[in-house]
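Ligands are counted one by one from 1 in listed order, and the atoms in each one are counted from 1 as well. In this text the structure is predicted, and so the values were computed from the model without any measurement.
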Amino acid sequence: MIDLKKMTIKSARGHFAKKDFSARELAENYLKNIAEKNPEINAYLEIYDDVLAQADLADKKISGGNFGSLCGIPLAVKDNILIEGKKATAASKILREYVAPYDATVIKKLKTQNAIFLGRANMDEFAMGGSTENSAFGVTRNPHDTSRVAGGSSGGSAAAVAMDGALAALGSDTGGSIREPAAFCGMVGLKPTYGAVSRYGLLAMGSSLDVIGPITKTVTDSEILFDAIKGSDKMDSTTHEQTKNEKSKIKIVGVPYDIFGGEGIDPEVGKNFDAAIKKLQSLGFEIRDIKLPNISYSLAVYYILMPAEVSSNMARFDGVKYGLHIDGENLLGDYLRTRGQGFGPEVRRRILIGTYVLSAGYADAYYNKALMLRQKISGDFEKAFAEVDAIITPTAPMPAWKIGEKSDPLSAYLADVFTVTANIVGIPAISVPSGSIKIGQKNLPIGLQIMAPRDGEKVLFEIGKKFLGE
Ligand code: GLN
């Protein structure tokens, strides 16, 4: 019997090498578990019909003896990452029947290693949300408490790993969508440095903020998957090769204590964060109070820049080029009907806000001001990182909420208060499990967010591994 609970990417590779089990056997175990759990959790929108064929190819490579660290590793892939010949819908009705004509760069890289793609993971429509309640195909439930959300927008990816329905997953993060669901599901979620991982083949949300990254059980696995997907790509001119590889001497961790004055942070999350600080101190890190004077504007900046980019990225879905088409009386009618019926309410809301903040009369008042503040916030971080090696905050101000509890969009946006900054600035950030809060009979996982300077993923992995005792 294969113990999926304890399995990691790293340990699976060891088992393959020792012939304890084959990639096919491992994949079969996952498929069985998915068949049992997915009807309730709804982590997957589709399980591919060629999983075992993929596993057989991996087994061939394994028997040759020379195989990479992701060979035969079963992965869940967020439904906004293209795999040639497979559907990719971004959990939207407008792309319901869309079949990807090419592989995303991350997929291409993973294919050369013979990783196994199990299926399409559920998400908030076009990654707009923090709970996967905005999916056009039903909410994803949290495996730790099925009355609660799994987080989002990569909720399906995080829940798939948490329910032992995949060994690891790919998500995308525009303002927290890898870290927050990872935190809610007790997983490790990495939002890489902007441009460290190619966005080619990722259905765009906010192009200056988007990045693909791993959701895994351990920091070690996060590093393995990140190393496999990173690198510059001629298909995405915003990518770069990472050069910093030296082992760092990480000592000082900054805490922006100022930002905890505000309301909205669950007291239990505050207590959990204090305990995390103590743990880091006991591991030998010096904790330093830092100031990030403009960070209180982050959420406002994000909710202006992101919809602005959303409104232009969504313009391509016009009923002509891709996916859904609904006939109107004339061309404008086609657009209105297709987009009105194809997009869900949250996507429409963001298109409206984005169009507004970019419009001639308001661009100076909103969009251009937000751009100026983006610079200022980046400056704050630069100054802080001259003093400290990393910065920590809770990942989210609350644990996973009850399904339906945050139907007011503004209250949902507030959950992103700690995560959006890393996207605004472009720096890497990781969420690692930091214990749990007991509510009723359930233990709800909490995440600790660690941020580092640009291309400082190694810093995150080093602190994260120490924190989790890996
Ligand atoms: N929750 C945030 C939002 O709703 C982040 C989304 C994301 O990272 N894709 O925009």
Residue portion contacting ligand 1 (non-hydrogen atoms closer than 4.0 Å) for [X]:
X    : value
Y303 : side chain
D416 : side chain
R350 : side chain
E180 : neither

So which heavy atom in the protein is nearest atom 5 (C) of ligand 1, and how far is it from that ligand atom?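 Protein heavy atom with the smallest distance to atom 5 (C) of ligand 1: Y302 OH, 3.4 Å.
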Among all the protein's non-hydrogen atoms, which is closest to atom 6 (C) of ligand 1, and how far away is it?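 Looking only at protein heavy atoms, the one closest to atom 6 (C) of ligand 1 is S177 OG, 2.9 Å.
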Just jot down the ligand 1 atoms closer than 4.0 angstrom to any heavy atom of [X], in number order.
X    : value
S153 : 9 (N)
M205 : 9 (N), 10 (O)
G130 : 1 (N)

Using distance only, find each side-chain donor-acceptor pair of residues 335-349 under 3.5 Å and give its atom names and separation, not counting sequence neighbours.
{"from": "R337", "atom 1": "NH1", "to": "D327", "atom 2": "O", "distance (Å)": "2.9"}
{"from": "R337", "atom 1": "NH2", "to": "E329", "atom 2": "OE2", "distance (Å)": "3.2"}
{"from": "T338", "atom 1": "OG1", "to": "I326", "atom 2": "N", "distance (Å)": "3.0"}
{"from": "T338", "atom 1": "OG1", "to": "I326", "atom 2": "O", "distance (Å)": "3.3"}
{"from": "T338", "atom 1": "OG1", "to": "D334", "atom 2": "O", "distance (Å)": "2.7"}
{"from": "R339", "atom 1": "NH1", "to": "M314", "atom 2": "O", "distance (Å)": "2.8"}
{"from": "R339", "atom 1": "NH1", "to": "F317", "atom 2": "O", "distance (Å)": "3.0"}
{"from": "E346", "atom 1": "OE1", "to": "R349", "atom 2": "NH1", "distance (Å)": "2.3"}
{"from": "E346", "atom 1": "OE2", "to": "R350", "atom 2": "NE", "distance (Å)": "2.7"}
{"from": "E346", "atom 1": "OE2", "to": "R350", "atom 2": "NH2", "distance (Å)": "3.2"}
{"from": "E346", "atom 1": "OE2", "to": "Y413", "atom 2": "OH", "distance (Å)": "2.6"}
{"from": "R348", "atom 1": "NH1", "to": "G340", "atom 2": "O", "distance (Å)": "3.1"}
{"from": "R348", "atom 1": "NH1", "to": "F343", "atom 2": "O", "distance (Å)": "2.6"}

Please evaluate residues S207 and E309 with respect to the criterion side-chain hydrogen bond (donor to acceptor under 3.5 Å, both in side chains), reporting the C-alpha separation (whole Å), side-chain torsions for both, the decisive distance (0.1 Å), and the verdict. CA-CA 7 Å; S207 304; E309 296 185 18; 4.9 Å; no
Please determine whether the number of non-hydrogen atoms from other residues, nucleotides or ligands lying under 6.0 Å from atom NZ of K108 exceeds 12.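 Counting other residues, nucleotides and ligands, NZ of K108 stays at 12 neighbours or fewer.
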For ligand 1, which is the ligand I care about here, please tell me if [X] has any N or O atom under 3.5 Å from one of the ligand's N or O atoms.
X    : value
A127 : yes
G175 : yes
G176 : yes

Looking at every heavy atom in both A228 and L70, which two are closest together, and how far apart are they?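 Shortest heavy-atom contact: CB-CD1, 3.2 Å.
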Which heavy atom of I178 sits nearest to which heavy atom of V211, and what is that distance?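 Closest approach of I178 to V211: CD1-O, 4.3 Å.
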Go through the side-chain N and O atoms of K78 and S153 and say whether any donor and acceptor fall under 3.5 Å apart.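 A pair is found: one side chain offers a donor N or O, the other an acceptor, under 3.5 Å apart.
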Just by distance, no angles: are the side chains of S431 and Q449 close enough, under 3.5 Å, to form a donor-acceptor pair?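 No pair is found: no donor N or O on one side chain lies under 3.5 Å from an acceptor on the other.
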Side-chain donor-acceptor contacts of residues 355-362 below 3.5 Å, not counting sequence neighbours, with atom names and distances?
{"from": "T355", "atom 1": "OG1", "to": "I351", "atom 2": "O", "distance (Å)": "2.5"}
{"from": "S359", "atom 1": "OG", "to": "Y356", "atom 2": "O", "distance (Å)": "2.7"}

